[in-house]
Amino acid sequence: MDGELKKKLEGTALAIRGLAMDAVEKAKSGHPGLPLGCAEIGAYLFGKGMRYYAKNPLWMNRDRFILSAGHGSMLLYSLLYLSGFPLELEDIKNFRQLYSRTPGHPEYHPSIGVEATTGPLGQGIGNAVGLALGYKILQAKFNTEDFSLFTNKIFCLAGDGCIMEGASSEASSLAGHLVLDNLVVIYDANNISLDGPLLESCSEDTPARYRSYGWDVYEVDGHDLDAIDTLFAQIAQHQSRPVLIVAHTIIGKGAPHKAGSHKVHGAPLGVEEVSAAKKMLQLPEEPFYVPQEIQDFFCIKEQEQKKNYQAWEALFEAWQKKYPHLFEEFKKMREKEEPRDLEKMVLNLDMETNISGRAASHVVVQKLAEKLPYLYGGSADLSSSDMTFLDHFSLISSKNFLGRNIKYGVREFAMGTIANGLFLTGMFLPFCGTFLVFSDYMRNAIRMAALSSYQVIYQFTHDSIFIGEDGPTHQPIEQLASLRAIPNLQVIRPADSHEVKRAWILALRFRGPTAIILSRQSLATFEETDLPLKEGMARGAYLVKSSTVPSKVTLIATGSELAVALETAKILEEKGISTDIVSFPSWDLLEKQNSSYKQKIFHEGSLKVVIEAGASQGWHKYIGPKGIAICVDRFGASAPAKEIKKSYGFDVPSIVEKILHSI
């Protein structure tokens, strides 16, 4: 490495250490160990190894940096500040303060250079795999023999915790299977976890494990800039598969009494240790100090990056002129264009009168995929059962990235993290499927999507105990309530094919994640649900039957139980009991309605009865303390659906009897 450049990178590493120590100390909270231990790695990536343009953080061909070990956020914030992204020194000083742009763990904010929300360990690796997969798809779609439009790499910094978490193993396995040669994971191998030495909990041969996945594995001294430079130059020239770099580092390097110890992982160093560290590192005592020569270095770096950026912009302009049909496709994907008549097309789709929720959804996604080039599907080894497969498009493989179907394998958690990564490219709307009961495996990835407003659509099928013989291990009980509890996750449980169509339209228009909950068994299609979107489904809950006189009973149902409610209402009416029926596919959408609308459909004086084959938790908010919850608060059973229906009290006579006893 050039001596002058090395000097600047060493100075950058010192500046990172100073900023990280000061920010954590000022906040009296944080994780100084990783920023101090990975300072040279960060300095190299942002000072030489990565291609980006800080004045346009959203440049499509930028290299992406994902900090999977999100607790070390001050490494990322220091680098973004030093390299000229729109992050100010005041933001560094406000680390971990209310509403600051520098929260304790990185939160998705691409306009300032934060590429993903990270912190729950291992998920950043999955996000990086999704990004790498997304760019392989973009390369296959848009690169031509004479234009290499997408040439970037995805860099991910992970720690021991990330490597141990199962989500990273799942995602890494798939990355090796797909031979993602644009992915580089740097493993901060410092032999320390939060609780103590790594050997107290882990003694595996990580390099051997990654080689078995089909990765190339290298080892390097994470503090030796010459060795880092040599290795990265080799990878840049010869990468043919995903790469794991095992970077041997000292956690908290520079802290004279705590370096190499778990004591530096997740707590401020303390005033005396910071002072001693600065003295040892020959840093000024002045807090938040950055030498002028480092500021000048990144100003020069910015000009170099600007030339790369401008050259790519010129390339892009020439490409779009020569390949206008490709540019139109690119534009549709980037802007997520929706045809003006899409809603009409979806609502007019022909379907069988009796059709399962999953089959109805399958019909819808075929039409959507035809019209929306950015819609990509996938499943956790269940596409033939959850019906997510796009019939007119091929399967993505290591030799074919022009497909639109992703086989994630039995890797639900990784599927969630990778789908999030696909969204992060800015070019895809991913949807993925599994059985509702297995949403538990991917729950934290769903939570990250909701927290970050990633637009990902989940198709969860086999939605209740009525799947029958598979038994309690496969029959969801608490999953609906659990998903509804996640803020900013739009949960929709359609009752028939009319509602399935509308659920997809609502999912396409929601700028966040949506879970569509679908039946395995066939459902009747009802005229009452065929309402204009704004009058019905878009309100979350709506009247499908309204009594001519004030109702004594209001039946509330979701999904397959709407049919039960309609049958129950007939018997009640025959007995002279006026009855309203509310289809209630989405709590989230109802909560956006005004109080007068809620009072209209849930008027006082009417006995509220909810019928849903899931946990009762949460329903008393709508039915009140005197309401009846015909729900399932115990595990299911292995038996034919008809027998389960009667045994669990979802047959019409049992429901009518409960209501009559309560009036």
Side-chain angles (χ1 to χ4, degrees), residues 16-17 19-42 66-78 95-96 102-107 116-128 156-172 185-206 209 222-223 244-270 273-274 277 413 417 443-445 447-448 451:
I16 292 167
R17 289 189 170 101
L19 290 171
M21 287 189 291
D22 290 336
V24 172
E25 197 60 38
K26 183 175 184 293
K28 302 300 180 189
S29 174
H31 297 72
L34 184 142
L36 285 116
C38 292
E40 283 82 10
I41 294 169
I66 303 294
L67 182 63
S68 186
H71 55 271
S73 57
M74 267 312 304
L75 174 71
L76 176 60
Y77 300 147
S78 298
F95 177 57
R96 289 190 165 223
T102 50
H105 293 80
E107 295 176 19
T117 300
T118 57
L121 296 178
Q123 289 200 54
I125 293 179
N127 297 160
C156 176
L157 180 59
D160 287 304
C162 297
I163 296 297
M164 286 191 284
E165 281 286 359
S168 67
S169 300
E170 294 177 18
S172 298
V185 174
I186 305 159
Y187 169 25
D188 173 28
N190 57 38
N191 296 312
I192 296 293
S193 60
L194 184 149
D195 232 11
L198 181 65
L199 285 174
E200 293 180 346
S201 60
C202 185
S203 54
E204 71 176 24
D205 187 341
T206 300
R209 176 158 64 88
H223 304 299
L244 177 73
I245 298 173
V246 181
H248 297 285
T249 64
I250 300 171
I251 189 171
K253 183 175 173 61
H257 305 108
K258 295 185 178 181
S261 161
H262 72 282
K263 294 179 181 179
V264 77
H265 173 93
L269 297 178
E273 184 76 354
V274 169
F413 196 174
T417 65
R443 180 180 174 81
N444 207 262
R447 186 176 189 271
M448 289 301 99
L451 192 156

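All values reported here derive from a predicted model rather than from experimental measurement.
- With values rounded to the nearest 0.5 angstrom, R17 atom CZ is found 10.0 Å from L75 atom CG.
- In this structure, the side-chain contact (heavy atoms from CB on, under 4.5 Å) partners of E273, at least two apart in sequence or on a different chain, are A255, P256, H257, K258, L269.
- One finds the CZ atom of R209 at 6.5 Å from the CD1 atom of I163 (value rounded to the nearest 0.5 Å).
- Counting heavy atoms of neighbouring residues, nucleotides and ligands inside a 6.0 Å radius, atom CG of D195 does not exceed 12 of them.
- H71 is not listed as a side-chain neighbour of L194, based on a closest heavy-atom distance of 4.5 Å or more.
- Looking at S78, its side chain does come within 3.5 Å of a backbone N or O of M74 through a donor-acceptor pair.
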>> Between E170 and E165, does the side chain to side chain contact (heavy atoms under 4.5 Å, CB included) criterion hold? Intermediate values first, please.
In response: CA-CA 9 Å; E170 294 177 18; E165 281 286 359; over 6 Å; no
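- Contact of the S193 side chain with the E200 side chain is not registered, since no non-hydrogen atoms from C-beta on lie closer than 4.5 Å.
- Atoms CG and OG, on L244 and S172 in that order, are 8.0 Å from each other to the nearest 0.5 Å.
- Across all their heavy atoms, A189 and V246 have their closest contact at CB-CG1, 3.7 Å.
- Checking side-chain atoms of H223 against main-chain N and O of I250 turns up a donor-acceptor pair under 3.5 Å.
- A side-chain donor-acceptor contact under 3.5 Å links S168 to the backbone of C162.
- No donor-acceptor distance shorter than 3.5 angstrom exists from the side chain of Y77 to the backbone of A20, with no hydrogens or angles considered.
- When all heavy atoms of G37 and E40 are compared, the closest pair comes out as O-OE1, 4.5 Å.
- For the pair S73 (side chain) and P106 (backbone), a donor-acceptor distance under 3.5 Å is absent.
- Using a 4.5 Å heavy-atom threshold, the side chains of L157 and D188 count as touching.
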Side-chain donor/acceptor pairs under 3.5 Å, residues 118-128, sequence neighbours excluded:
| unit_1 | atom_1 | unit_2 | atom_2 | d |
| --- | --- | --- | --- | --- |
| T118 | OG1 | L67 | O | 2.7 |
| Q123 | NE2 | N444 | OD1 | 2.6 |
| N127 | ND2 | Q123 | O | 3.4 |
| N127 | ND2 | T417 | O | 3.0 |

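- The heavy-atom pair separating C156 from S68 by the smallest distance is SG-CB, 3.7 Å.
- I41 and A247 make their closest contact through CD1-CB, 3.7 Å (heavy atoms, listed as atom of the first residue, atom of the second, distance).
- Taking 4.5 Å as the limit, every side-chain heavy atom of E107 sits out of range of all side-chain heavy atoms of M448.
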>> One pair to check against side chain to side chain contact (heavy atoms under 4.5 Å, CB included): S201 and M164. What are the steps and the verdict?
In response: CA-CA 10 Å; S201 60; M164 286 191 284; 4.2 Å; yes
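- Using a 4.5 Å cut-off on side-chain heavy atoms (C-beta onward), N190 and K253 make no contact.
- What you find for I192 and I251 is that their closest heavy atoms are CG1-CG2, 3.8 Å.
- Scanning all heavy atoms of the two residues, the minimum distance from F95 to A27 falls at O-CB, 3.5 Å.
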